[in-house]
There are 2 protein chains.
Amino acid sequence: MENLSHSEENYLKEIFHLSAQSNDRVSTNHLADRLNAKASSITDMLRKLADKELVSYIKYKGCRLTDEGERIAVQIIRKHRLWETFLVKKLSFGWEEVHEVAEQLEHIDSEKLIDSLDHFLDYPKFDPHGDPIPNKDGQIEYRSSKLKLIDVGIKSRVEIVRVNEDSLSLLKFLEQQELTLGTVIEIMEKFPFDDSVRIKVNGERNINLSKKVIENISVKLLDE
Amino acid sequence: MENLSHSEENYLKEIFHLSAQSNDRVSTNHLADRLNAKASSITDMLRKLADKELVSYIKYKGCRLTDEGERIAVQIIRKHRLWETFLVKKLSFGWEEVHEVAEQLEHIDSEKLIDSLDHFLDYPKFDPHGDPIPNKDGQIEYRSSKLKLIDVGIKSRVEIVRVNEDSLSLLKFLEQQELTLGTVIEIMEKFPFDDSVRIKVNGERNINLSKKVIENISVKLLDE
DNA sequence: ACTATTTTTTAGACATGACTAAATATTTTA
DNA sequence: TAAAATATTTAGTCATGTCTAAAAAATAGT
């Protein structure tokens, strides 16, 4: 309902993401880190968002979205993911190129635009990184299991269903290694000293992946 | 090259449009009127744009775009018109609905995005209102003749090729009267006392159009 | 050519969203 | 549990883009 600045929208979105991870109030420093801002700036903005009743903010205790704040955050995420899907599906962007542009597009204010885009794309359920796209009513169909590649046991056969979009260089790496969504992987060996693994890709070639890589890939188990 | 604010971009775009009309320096008040701002705000911004060498500004004498300023203005207009085309052609927007959204989309900063969009739309030459779309190099293919409906003689047969997009209510009116681009019109009668005309549409029905309407429609003559 | 009118600029203010440096809470650790 | 370390807030500043009111310049009218 309200008319928010880009900055305010970015705060809401980031609080939503951090809340999803920690299931707790989001701390000032944590936000400062993610938003590349100083803690003092975060405090200022949280006050403002609290005035608008979009977050509950308790001094020294961090913040949490109100229902209205969450509703808005989800709509921004919906826009972000629909635009990413558009860029990849219709404009042939690579999955590592979409995030930056979608960060701009997500702030375009037009309900008709985003609903038309949703229709044009045939109501996609997941974006190019495998993240679920909230529907018009803000409902998000999360994946039933959230298995990460790092937690998969040896000899398991899995399919890549999601990649963390935050790191540009990770996405470039995966693109280059042809580890895209849908790729089938078998865990050949685990190296506990650095938490890296050796995997077989599509039953063909073996490669090693570092801890940093496998903790950012989600998979689903394939039954033999 | 430079990174401009939305506001700065809007100034450049508006100066370009006003220059095209008057072929002269653009006055502070004229800009204030078009940008819905006070003259003092215009002065401030023109100083800033002059510092960046995007306009030449002479105190009390108005402004004019530099080559670099014009280059940027044209790129913004390119983006605006490509987005309008996308909205109408791909997302089924009405031509009266696109302007407001395109005003936002034109500020998205990604050369790859706009060039991909251009390709996706198959390099359109004109936007939904009949205005020419600048190409990647900033070249604009203006129509050879710029005949306005108000200047057309009696009994002439003409085709609507462009409508001024500035007035929402005019666009709605034309939509409702089915006076879209490509519609063929014959001037039946001119009424000098109020500069209105009676026209025949598609050889079928007669309607009257006020001066306000016909001075905002451009046409091309059809030879019998 | 002088006055009146209009246009434009100047001066000073405000809101937004960021910052730095200092002060104050909270948490950790010995 | 008290000092040390860390996290957070407060106070004061800055740039951006806008505004109002007053001053100055340009233009028009007689």
Side-chain angles (χ1 to χ4, degrees), chain A residues 1-15 18-19 21-22 24-65 69 72-73 76 103-104 106-107 109, chain B residues 1-15 18-19 21-22 24-65 69 72-73 76 103-104 106-107 109:
Chain A
M1 295 298 102
E2 327 217 16
N3 232 12
L4 303 177
S5 69
H6 289 195
S7 197
E8 291 170 319
E9 291 192 350
N10 285 334
Y11 274 74
L12 293 181
K13 189 180 54 153
E14 202 52 51
I15 294 167
L18 293 180
S19 293
Q21 282 166 28
S22 66
D24 201 4
R25 302 192 80 84
V26 175
S27 76
T28 301
N29 262 10
H30 204 170
L31 269 174
D33 187 47
R34 298 285 310 180
L35 291 167
N36 289 325
K38 301 300 170 191
S40 54
S41 310
I42 307 295
T43 301
D44 289 348
M45 182 59 97
L46 290 182
R47 283 247 168 68
K48 187 145 62 108
L49 293 173
D51 282 349
K52 298 189 179 189
E53 299 189 63
L54 300 175
V55 306
S56 106
Y57 166 62
I58 304 174
K59 251 178 156 186
Y60 295 103
K61 297 294 179 187
C63 69
R64 147 181 304 164
L65 293 176
I72 294 171
I76 298 161
E103 289 277 300
Q104 296 181 63
E106 72 190 5
H107 300 295
D109 175 32
Chain B
M1 294 304 98
E2 328 216 19
N3 231 11
L4 302 178
S5 69
H6 289 195
S7 198
E8 290 171 320
E9 292 192 348
N10 285 334
Y11 274 74
L12 294 180
K13 186 179 57 154
E14 202 53 50
I15 295 166
L18 293 179
S19 294
Q21 281 166 27
S22 66
D24 200 4
R25 300 191 81 84
V26 175
S27 76
T28 301
N29 263 10
H30 204 170
L31 269 174
D33 187 47
R34 297 284 309 180
L35 291 168
N36 290 324
K38 301 301 169 189
S40 54
S41 308
I42 306 295
T43 301
D44 287 347
M45 183 59 97
L46 290 182
R47 282 248 169 69
K48 187 146 62 111
L49 293 173
D51 281 349
K52 298 190 178 187
E53 299 189 64
L54 300 175
V55 306
S56 106
Y57 166 64
I58 305 174
K59 251 181 160 186
Y60 294 103
K61 296 292 180 189
C63 68
R64 149 179 304 163
L65 293 176
I72 294 171
I76 298 162
E103 289 277 301
Q104 297 181 62
E106 72 190 5
H107 300 295
D109 175 32

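No experiment lies behind these values; they were computed from the predicted model shown. First the proteins, then the strands, lettered A, B, ... as listed; each starts at 1.
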S.K.: Output yes when a side-chain donor or acceptor of B:Arg25 lies under 3.5 Å from a complementary backbone atom of B:Ser56, and no otherwise.
M.R.: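 Yes: the side chain of B:Arg25 pairs with the backbone of B:Ser56.
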S.K.: Let me see the working for B:Asn29 and B:Ile42 under side-chain contact (heavy atoms from CB on, under 4.5 Å), right down to the final yes or no.
M.R.: CA-CA 8 Å; B:Asn29 263 10; B:Ile42 306 295; over 6 Å; no
S.K.: Take the protein atom NE2 of A:His6 and the nucleotide atom P of D:dT16, then report the distance between them rounded to whole Å.
M.R.: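 Whole-Å distance recorded here is 18 Å.
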S.K.: So A:Ile15 and A:Leu46, side-chain contact (heavy atoms from CB on, under 4.5 Å) or not? Walk me through it.
M.R.: CA-CA 10 Å; A:Ile15 294 167; A:Leu46 290 182; 4.0 Å; yes
S.K.: Does A:Glu103 reach the side chain of A:Lys13, with side-chain heavy atoms less than 4.5 Å apart?
M.R.: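 Yes, at least one pair of side-chain atoms sits under 4.5 Å.
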S.K.: Nearest whole Å is fine: how far is D:dT18 C1' from B:Leu31 CG?
M.R.: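 Taking atom C1' of D:dT18 as the reference, CG of B:Leu31 is at 16 Å.
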S.K.: Is any side-chain heavy atom of A:Leu4 closer than 4.5 Å to a side-chain heavy atom of A:Leu12?
M.R.: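 Yes. Closest side-chain heavy atoms under 4.5 Å.
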S.K.: Looking only at non-hydrogen atoms, find the nearest pair between A:Ser7 and A:Met45 and report the distance.
M.R.: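 A:Ser7 and A:Met45 have their closest heavy atoms at OG-CE, 3.5 Å.
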S.K.: A side-chain contact here means heavy atoms from C-beta on lying under 4.5 Å apart; do A:Asn10 and A:Glu106 qualify?
M.R.: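 Yes. Closest side-chain heavy atoms under 4.5 Å.
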S.K.: Both atom distances under 3.5 Å, Watson-Crick or G-U wobble: I'd like the secondary structure of DNA chain D as a dot-bracket string, with | for pairs made across strands.
M.R.: ||||||||||||||||||||||||||||||
S.K.: Restricting both atoms to N or O, compile the protein contacts to nucleotides 23-25 of chain D shorter than 3.5 Å, with distance only.
M.R.:
from: D:dA25; atom 1: O4'; to: B:Tyr60; atom 2: OH; distance (Å): 3.3

S.K.: Where the side chain of B:Glu14 meets the backbone of B:Leu31, is there a donor-acceptor pair that is under 3.5 Å apart?
M.R.: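 No; zero donor-acceptor contacts below 3.5 Å.
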S.K.: From the set C:dT9, D:dT27, C:dA18, return the single nucleotide nearest to any side-chain atom of A:Tyr11.
M.R.: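 My answer, after comparing the listed nucleotides, is C:dA18.
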S.K.: Using whole Å, report how far CG of B:Asn29 lies from P of C:dT9.
M.R.: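 That distance rounds to 9 Å.
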S.K.: Any side-chain N or O of A:Lys61 less than 4.0 Å from the OP1 or OP2 oxygen of D:dA7?
M.R.: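 Answer is no, no contact under 4.0 Å.
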S.K.: In whole Å, what is the span from the OH atom of A:Tyr57 to the P atom of C:dA25?
M.R.: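 Rounded to whole Å, this separation is 13 Å.
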S.K.: Students often mix this up, so state it plainly: with edges at 30° and 60°, are the rings of A:His107 and A:His6 parallel, tilted or perpendicular?
M.R.: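 Judged by the thresholds at 30° and 60°, the geometry between A:His107 and A:His6 is parallel.
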S.K.: Considering all heavy atoms of both residues, which atom of A:Ser19 and which atom of A:Val26 are nearest to each other, and what is their separation?
M.R.: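 Of all heavy-atom pairs spanning A:Ser19 and A:Val26, the closest is OG-CG2, 3.5 Å.
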S.K.: Let me know the distance between CG of B:Leu49 and P of D:dT16, rounded to the nearest Å.
M.R.: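 In whole Å, D:dT16 P lies 12 Å from B:Leu49 CG.
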S.K.: What parts of residues 38-47 of chain A reach DNA chain D, counting only heavy atoms under 4.0 Å away?
M.R.: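 Output list: A:Ala39, A:Ser40, A:Thr43, A:Arg47.
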S.K.: In this structure, how many angstroms lie between the C1' atom of C:dT7 and the CD1 atom of B:Ile58, rounded?
M.R.: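 For the pair B:Ile58 CD1 and C:dT7 C1', the rounded distance is 16 Å.
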S.K.: Are any non-hydrogen side-chain atoms of B:Tyr11 and B:Leu35 less than 4.5 angstrom apart?
M.R.: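 When only atoms from C-beta onward are counted, B:Leu35 and B:Tyr11 do touch, with a gap below 4.5 Å.
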S.K.: Write down the distance between CG (B:Asp51) and P (D:dT16), rounded to a whole number of angstrom.
M.R.: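 Rounded to whole Å, this separation is 10 Å.
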S.K.: Could you tell me whether the phosphate oxygens of D:dT9, OP1 or OP2, come under 4.0 Å of any side-chain nitrogen or oxygen in A:Thr28?
M.R.: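 For D:dT9, OP1/OP2 do have a side-chain N/O of A:Thr28 under 4.0 Å.
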